[in-house]
Amino acid sequence: MGLFSIFKKTDAAPAPQSSNDDDEAARLAANSETERQLQQARQREIARATAMKIDAIESAMTFDIFNEPEPAWGSQRAARPARPKAATHADGGPDTQALADIPTTLLLRDDDLPQVAVAAETAPVVEEIAILYANGQGAVAEQLLNASLAEAAGDRTVWWMLFDLYQVSGQRDRFDNLSIDYASTFETSPPSWNAPAALAASSPDWAGLTPTEAFAGVLDPHIAEQLERLRQSAAASPVLRLEFSRVTAVEADGCALLLDTLRKLQAQQRELILVGADGLAALIREGIAIGRRDDTEAPWLLLLELLQLLNREKQFEEISMDYCVTFEVSPPSFTAPHKVATATAQHVSASPDRFMLPPLLEGQLGPLLGQIQHYAGLYQTLVFDCSRLTRIDYACANQLHASLAQLGKKIEFRDVNHLVTALLRLLGYADIARIYPHKY
């Protein structure tokens with residue numbers, strides 16, 4: 001007897017069923033129940049996956065807002081990508097399969113992010129703190145920042161300003177304690193300690209052009225010309241910037257050339273700012289394998305050099321053992337790098353050499369003004385590197401604003417700490433420049 005005949009409507013009295021028919025009916029009913037349970041399990045699994053997908057989307061959106069580099073003050077408000085709209089079945093219920101297919105990665109450049117303004121309730125205190133700090137009253141600014149944390153609510157500006165104050169003043173213990181409170185309040189990872197004061201102290205009076213070489217495409221013998229320019233620049237500049245964010249592939253000959261240059265720059269004790277070094281290291285790692293000897297060991301050695309420059313001792317030791325096994329040599333020893341900083345990749349409309357501002361701008365600009373005017377004569381877009389700038393006082397900030405306003409150039413301030421950002425915003429720098437606070 002078929003399955004459908006069990007449910008067939010008939011006016012006739014059912015015929016007596018045999019024992020075999022009863023067994024068959026019971027078996028079919030059991031199979032039907034099993035299939036129903038499996039279907040329900042599949043639906044529950046899809047529902048769980050959908051919920052996780054939605055959570056991931058919301059988390060990605062939150063990450064974009066609070067963890068990407070902040071947008072420039074005064075930039076136009078960019079439209080956020082439309083939030084994925086839940087698909088529905090014809091019966092009005094959610095289409096769980098369609099939701100499960102929604103991508104969770106939302107990639108935005110720093111210029112694409114919406115304007116993040118200081119909350120109205122904290123704006124006056126932020127401005128007061130910015131002036132106090134600019135005029136050298138760091139202790140009073142710290143007290144006011146601590147007192148303002150409870151009133152900051154969802155606005156993290158006060159928190160970031162206090163983190164920066166502890167960083168530039170070298171107060172690691174207080175920074176760590178604040179990190180615990182931050183993680184508890186916002187239920188997210190706190191900022192990491194990067195000690196900008198240490199780099200600033202390494203060459204406290206230096207300011208000027210930071211020679212930059214941006215490598216792109218394949219790292220091959222064609223980079224020789226760029227590396228030669230870098231070596232020539234090293235003769236006149238204590239700070240050099242190397243960008244690897246746009247490197248897509250590596251060749252052994254290119255690795256050997258870059259390795260030689262990096263070793264020479266370290267021997268000369270030049271301060272290096274590396275952008276995208278993590279990505280380059282990962283790219284090299286993908287192209288090597290334990291036990292496989294290629295024509296040269298240069299990619300292995302460049303990977304070890306990068307890990308050393310990034311101060312990744314544990315990873316260095318792991319790769320060095322793999323290198324030792326592959327080439328049957330003694331593993332190299334780790335040596336702490338000499339004055340190496342890292343920076344995040346940033347979108348800029350042009351890629352001129354950046355002008356690094358000194359750790360402290362106080363009183364009058366003096367000779368620095370002439371250097372800035374010379375820099376302005378070289379480029380249409382002026383990019384000021386503020387990664388070492390810890391403080392600029394009120395009078396000096398006003399003088400700098402007046403000088404830059406007369407240039408008629410496109411101006412950008414990059415990697416500005418949040419204390420300085422608040423002052424520049426207060427003094428109307430958004431009318432003449434785009435200001436990018438550093439990432440927290």
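Note that this is a predicted model, so its numbers are computed, not measured.
Side chains of Y436 and E412: no donor on one and acceptor on the other come within 3.5 Å. For the residue pair R172 and Y166, no side-chain donor N or O sits within less than 3.5 Å of a side-chain acceptor on the partner. Of the N and O atoms on the side chains of T261 and R231, at least one donor lies less than 3.5 Å from an acceptor on the other residue.
Put simply, the side chain of L230 reaches to within 4.5 Å of the side chain of L265, judged on heavy atoms. Residues E142 and S169 have side chains not in contact (no heavy-atom distance under 4.5 Å, counting atoms from C-beta outward). Between T326 and R292 there is no side-chain heavy-atom pair separated by less than 4.5 Å. Side chains of L262 and L259 form no contact here, defined as non-hydrogen atoms less than 4.5 Å apart. Side-chain contact check for D181 versus W159: some heavy-atom pair is nearer than 4.5 Å. Residues F175 and Q167 are in side-chain contact: their nearest non-hydrogen atoms beyond the backbone lie under 4.5 Å apart. Using a 4.5 Å heavy-atom cutoff, the side chains of Q308 and T335 are in contact. Between P358 and L368, the closest side-chain pair of non-hydrogen atoms falls below 4.5 Å.
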Apply side-chain contact (heavy atoms from CB on, under 4.5 Å) to residues I273 and D385 and explain how you reach the verdict.
CA-CA 11 Å; I273 300 175; D385 185 339; 4.0 Å; yes

List the steps and the verdict of side-chain contact (heavy atoms from CB on, under 4.5 Å) for F413 and V383.
CA-CA 6 Å; F413 288 85; V383 182; over 6 Å; no

Just do the salt bridge (charged side-chain N to carboxylate O under 4.0 Å, His left out) check on E271 and R241 with the steps written out, would you?
CA-CA 9 Å; E271 182 177 332; R241 184 182 179 94; over 6 Å; no

Can C396 and L365 be said to form a side-chain contact (heavy atoms from CB on, under 4.5 Å), step by step?
CA-CA 6 Å; C396 197; L365 290 175; 3.5 Å; yes

Salt bridge (charged side-chain N to carboxylate O under 4.0 Å, His left out) between D431 and R425, intermediate numbers included:
CA-CA 9 Å; D431 296 333; R425 177 175 175 268; over 6 Å; no

Under the side-chain contact (heavy atoms from CB on, under 4.5 Å) rule, what do W300 and I319 come out as? Steps first, then yes or no, please.
CA-CA 8 Å; W300 286 85; I319 297 298; 4.2 Å; yes

Please step through salt bridge (charged side-chain N to carboxylate O under 4.0 Å, His left out) for the pair R293 and E328, ending with a clear verdict.
CA-CA 10 Å; R293 293 192 183 188; E328 299 179 0; 3.5 Å; yes

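Residue E251 holds its CD atom at 5.0 Å from CG of D220, rounded to the nearest 0.5 Å. Expressed to the nearest 0.5 Å, how far CG of L307 lies from CD of E317 amounts to 11.0 Å. Once rounded to the nearest 0.5 Å, the distance linking CG of L427 with CD1 of I131 reads 7.5 Å. In this structure, F334 CZ and R312 CZ are separated by 10.5 Å, a value rounded to the nearest 0.5 Å. Atom CG of residue L304 and atom CD of residue E297 lie 10.0 Å apart, to the nearest 0.5 angstrom. Rounded to the nearest 0.5 Å, atoms OH (Y375) and CZ (F355) are 8.5 Å apart.
Between A376 and L382 the shortest heavy-atom distance is CA-CD2, 3.6 Å. Residues P299 and I284 come closest through the heavy atom pair O-CG2, 3.3 Å. For the residue pair Y182 and S189, the shortest heavy atom distance occurs at CE2-O, 3.7 Å. Taking both residues in full, the closest heavy atoms of V239 and P211 are given as O-CD, 3.4 Å, listed atom of the first, atom of the second, then distance. The two atoms that bring P332 and F316 nearest to each other are O-CE2, 3.6 Å, heavy atoms only. What you find for A252 and T296 is that their closest heavy atoms are CB-CG2, 3.1 Å.
In this structure a side-chain-to-backbone donor-acceptor pair under 3.5 Å is present from D393 to G363. Proximity of a side-chain donor or acceptor of E243 to a complementary backbone N or O of T212 within less than 3.5 Å is not detected. Of the possible polar contacts, none joining the S184 side chain to the I180 backbone as a donor-acceptor pair under 3.5 Å is found. Judged by distance alone, with hydrogens and angles left aside, the side-chain atoms of T248 form a donor-acceptor pair with the main-chain N or O of G217 at under 3.5 Å. In this structure, S237 contributes its side chain and A235 its backbone to no donor-acceptor pair below 3.5 Å. With R391 contributing its side chain and A134 its backbone, the two residues share a donor-acceptor pair below 3.5 Å. Remark: the backbone N or O of K409 is not paired with any side-chain donor or acceptor of Y379 at under 3.5 angstrom.
Judged by the 6.0 Å distance and 45° axis criteria, R414 is not positioned over the aromatic ring of F384.
Residue L280 is tested with L274, L258, L303, L242 for a side-chain contact (heavy atoms from CB on, under 4.5 Å); the sole match is L258. Screening L165, L423, D164, L145 for a side-chain contact (heavy atoms from CB on, under 4.5 Å) involving Y133 leaves a single residue, L165. Screening L357, L360, N417 for a side-chain contact (heavy atoms from CB on, under 4.5 Å) involving L389 leaves a single residue, L357.
Annotation: Q380, atom CD; neighbour count of heavy atoms from other residues, nucleotides and ligands within 6.0 Å does not exceed 12.
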